[in-house]
Amino acid sequence: MYPTVAEALALPVLRQGCPRVVAGSTGLEQRVRWAHAAEVADIAHLLRGGELVLTTGVALPDDDATLTRYVADLAEVGVAGLVVELVRHWNDRLPRALVTAAEQRGLPLVTLSRETRYVAVTEAVNGMIVDAQLAELRAAERVHETFTSLTVAGAEPAAVLAEVARLTEQPAVLETLEHEVLAYDTAGTDPGELLIGWPARSRVVQVGERTGYHSAAGWLVTVVGARGHDWGRLVLVCAEPPPHRYQVVAERAASALAVHRLVARDSDTLERQAHRAVLTELLNSPAPTAEILARSSALAVPLTGRQLVGLAVRPRITATTRPTLSTPPLLRELAEATALATRRAKVSALVSTDETAVRALLALSPEANADAVLQRLATDIHDARASAPAALGVGTTVTGPAEAQRTLVEAAHVAAAALDEDDGQPFHRLKDVRLRGLLHLLAEDERVHAFAARELGPLLERDAASGSRLVPALRHYCAHGGNKSAAAVAAHTSRTAYYQQLARIEQVLGVRLEDPESMLSLYVALLAHDLGNATRPSEENPPGRGAQ
C-alpha cells in the first residue's frame, strides 16, 4: 500500500532536485507512510515512524555529537529516510558525522543539490500514498464481493483457490493440519516444484497467529476453520513480503472454505475428494505423470519405492442394507472406516468412493508383510461395519506407480465377484473368486453378454411370459453340481415338482442337463447374466409368483 523510499525519489518533483543517496542505500526499500518537512533537530519525539523527513538543514547543528544523536533519534522511531537540501546550510556536502551515523543505522540519507519546493514534495508523496490507500480499499471491496459470491454459491475449494491465484498471481494451497494437500492452484507455475516434499516443508512453517507471513519459507499462512474448530491452513506462496491486500484475500478465502465445509456435511470430506482425484488419474493413466506422483506425495502417500496394493470394499446386499445400498452415506461411512483402519495400522493409503464401492491404494514399505497388513485392515473394517457387512477385494501387489492401475482394477473386479461368496474370508484375491472372477474381468465384453443371452434367452422369455420359476430352479441345480435332491431342498420345493421343473427346462432349452458340458455352459451363462443384472430384484421370491 505504501511506496518505498526509492519510489518516492523517482517522483518528478524530487528528481528535479537531483537526488543523490549518500548513505543507507540498503534501506531504500523501506515503506514511506508519510512525507514530513521538519527543520528542528528534536523532531523525533513528534514522529510515529515511516516518515520521509525533508529538511534544508538550517536549524541543524554542526557539531558531530549532536548530528549523530539526531540521526540515532530518527532511526529509533523508524523514520523511512532523511532528505537534506544542499542550498542554505551545507552547500556541497554533508558533515561526515551525519553521513557516518546514517550509514551505521541503515537510514537512507539523500541530498538535493537544487532548491526544491518541499510543499510540492509532500503533496506528491502523500498524494501517492492516499491514492494507494484508496486503491487498496477498492481492491478489498472487490475481494469481499468476490468471496461473498463464492460463499453464497457454495463454490468448491478448487474454485476458491483459483480465485485466490487470480487475485494475487501467486500459487495457493489448502492443506490439513496434518500437512496433507487437499487442493491447490499453481497460478501457472510447475505443480511438481510446488508440491515436492510438501508435508516436510510445511511442518516447519509455524506463524504463531491465525494469519502471518513466514519469511524463511516465503509463505503467507492463514488458519481455516469455524465455530472454534480449525481443520486446515491456506498457504499463499510468495517469495516477497506480501502486501496487505494478499492477507485480505487469504482471510476471505479461508472464510469461504470454512463455510463450504459446514454446509457440505452430506458430501464427501475434502480429504476423500482429494484422494478420489488422484485415484481417478491413476485409473485413467497407465503412465502416471510427475504431477500425479507429486500430488499423491503431498497427501502423505508416496508411490515410488513402495509396494502398492489395490483394495476395494463393497457393501453386501442384505435385508437391512438393500434399501440404502446405493445411497452415498453408507459408502462414505465405509470409506471413513477404511481410512481409519489404515491410520491405525500406520499405512499410507489413498481412500475414496465411487458409485458402488470404496476403493483404496495402499502404499507399503518394501519390507512390509502385505498379507499381515491386509489381514489387520480387513479385521478392523469388518469390526467397524459389523451392522453393514462388506466384501473386500485385493489386487496383485505391484512395485511401481505404472502398475497402480492394474492392482486397482483387479481389486474392484474381485470385490464385485466376491459379493456372493460369503465364505467367511476376511478378504479375497483373484484366485479366490475363480470363474466368477474371470467373468467379472470380462464383464464389459459384448461376446459374454451375447453368450448368456443365447444360452438362457428362451428360459428367461418363458419365465417372463408365464410367471414360471425355471431360472431359479436351474440356478439351484447348477449350484449343487447336478444333485437333484439337494437342489430341491434348497429351492424349498418337493422332489416331484422340482423334477417337473427340470424336465421343462430341458424341453425349453433343448438340452440334457445331465450332460456336463450343458450344465457348465448354463452355469457360466447364469453367472454372466447375474453380472448384467446386479441390481435386479431377487428372483428367489418375486411377489405373486408360484412354482410351475
Side-chain angles (χ1 to χ4, degrees), residues 279 283 308-318 321-322 325-326 330-331 334-335 338 351-362 370-371 374-375 377-379 381-382 385 388-398 403-453 455-456 471-472 474-476 478-481 490 519-540:
L279 283 171
L283 281 166
L308 304 181
V309 184
L311 175 67
V313 187
R314 289 183 62 130
R316 291 191 185 278
I317 301 175
T318 66
T321 61
R322 180 179 291 279
L325 179 61
S326 60
L330 178 61
L331 290 176
L334 198 54
T338 303
V351 182
S352 75
T353 60
D354 58 19
E355 293 81 0
T356 59
V358 174
R359 61 188 177 198
L361 182 64
L362 312 181
D371 285 340
L374 289 166
Q375 185 72 35
L377 292 179
T379 300
I381 293 170
H382 287 306
R385 303 299 304 161
L392 275 66
V394 176
T396 300
T397 301
V398 298
E403 297 180 281
Q405 182 188 63
R406 170 192 168 195
T407 188
L408 286 168
V409 171
E410 209 173 272
H413 286 310
V414 172
L419 277 178
D420 297 327
E421 298 285 336
D422 193 3
D423 53 8
Q425 287 187 229
F427 60 88
H428 294 79
R429 296 185 184 275
L430 194 57
K431 64 182 179 64
D432 300 319
V433 291
R434 309 179 72 183
L435 177 59
R436 192 183 300 273
L438 173 63
L439 290 174
H440 272 272
L441 289 173
L442 300 174
E444 303 301 322
D445 194 318
E446 289 298 325
R447 292 170 295 184
V448 174
H449 293 275
F451 168 77
E455 290 286 314
L456 299 176
V471 171
L474 177 61
R475 181 175 286 108
H476 287 300
C478 293
H480 289 81
M519 187 174 70
L520 176 60
S521 292
L522 290 171
Y523 181 55
V524 172
L526 283 169
L527 292 177
H529 173 69
D530 290 347
L531 282 177
N533 297 274
T535 59
R536 74 197 189 299
S538 173
E539 292 176 333
E540 301 303 323

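None of the values given here were measured: they were computed from a predicted structure. Quick note: residue numbers are just sequence positions, from 1.
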Between Ala378 and Phe427, what is the shortest heavy-atom contact and its length? CB-CD2, 4.0 Å

Does the distance from a Lys or Arg side-chain N to an Asp or Glu carboxylate O, for Arg429 and Asp371, drop under 4.0 Å? yes

All heavy atoms of Ala490 vs all of His480, minimum pair found to be CB-CE1, 3.4 Å

Arg475 vs Tyr523 side-chain heavy atoms within contact, under 4.5 Å: no

Would a 4.5 Å heavy-atom cut-off, applied to side chains only, mark Val351 and Leu361 as touching? no

Closest heavy-atom pair and its distance - Ala452, Ala528: CB-CB, 3.9 Å

Would you check, one step at a time, whether the test side chain to side chain contact (heavy atoms under 4.5 Å, CB included) holds for Glu403 with Leu308? CA-CA 8 Å; Glu403 297 180 281; Leu308 304 181; over 6 Å; no

Can you find a pair of side-chain heavy atoms, one from Leu456 and one from Val471, that are under 4.5 Å apart? no

State, with a plain yes or no, whether a side-chain heavy atom of Val448 is found less than 4.5 Å away from one of Val524. no

Gln405 side chain vs Leu283 backbone, donor-acceptor pair below 3.5 Å: yes

Answer whether the closest heavy-atom distance between the side chains of His382 and Pro389 falls below 4.5 Å. no

Flag side-chain contact, heavy atom, 4.5 Å: Leu374 against Val309: yes

Hey, which of Thr356, Val358, Leu331 is the one that makes side chain to side chain contact (heavy atoms under 4.5 Å, CB included) with Pro315? Leu331

Can you measure from CE (Met519) to CG (Leu526) and round to the nearest 0.5 angstrom? 11.5 Å

How close do Pro426 and Leu392 get, counting heavy atoms only, and between which atoms? O-CB, 3.8 Å

Between Thr396 and Leu430, is there a side-chain heavy-atom distance shorter than 4.5 Å? no

Taking the side chain as C-beta and beyond, is there a heavy-atom pair between Thr407 and Thr397 under 4.5 Å? no

Does any N or O in the side chain of His529 come within less than 3.5 Å of the main-chain N or O of Ala525, such that one atom is a donor and the other an acceptor? no

Checking side chain to side chain contact (heavy atoms under 4.5 Å, CB included) for the pair Arg359/Leu311: CA distance, chi angles, key distance, verdict? CA-CA 6 Å; Arg359 61 188 177 198; Leu311 175 67; over 6 Å; no

Any idea which heavy atoms bring Arg314 and Ala357 closest together, and the distance? CG-CB, 3.3 Å

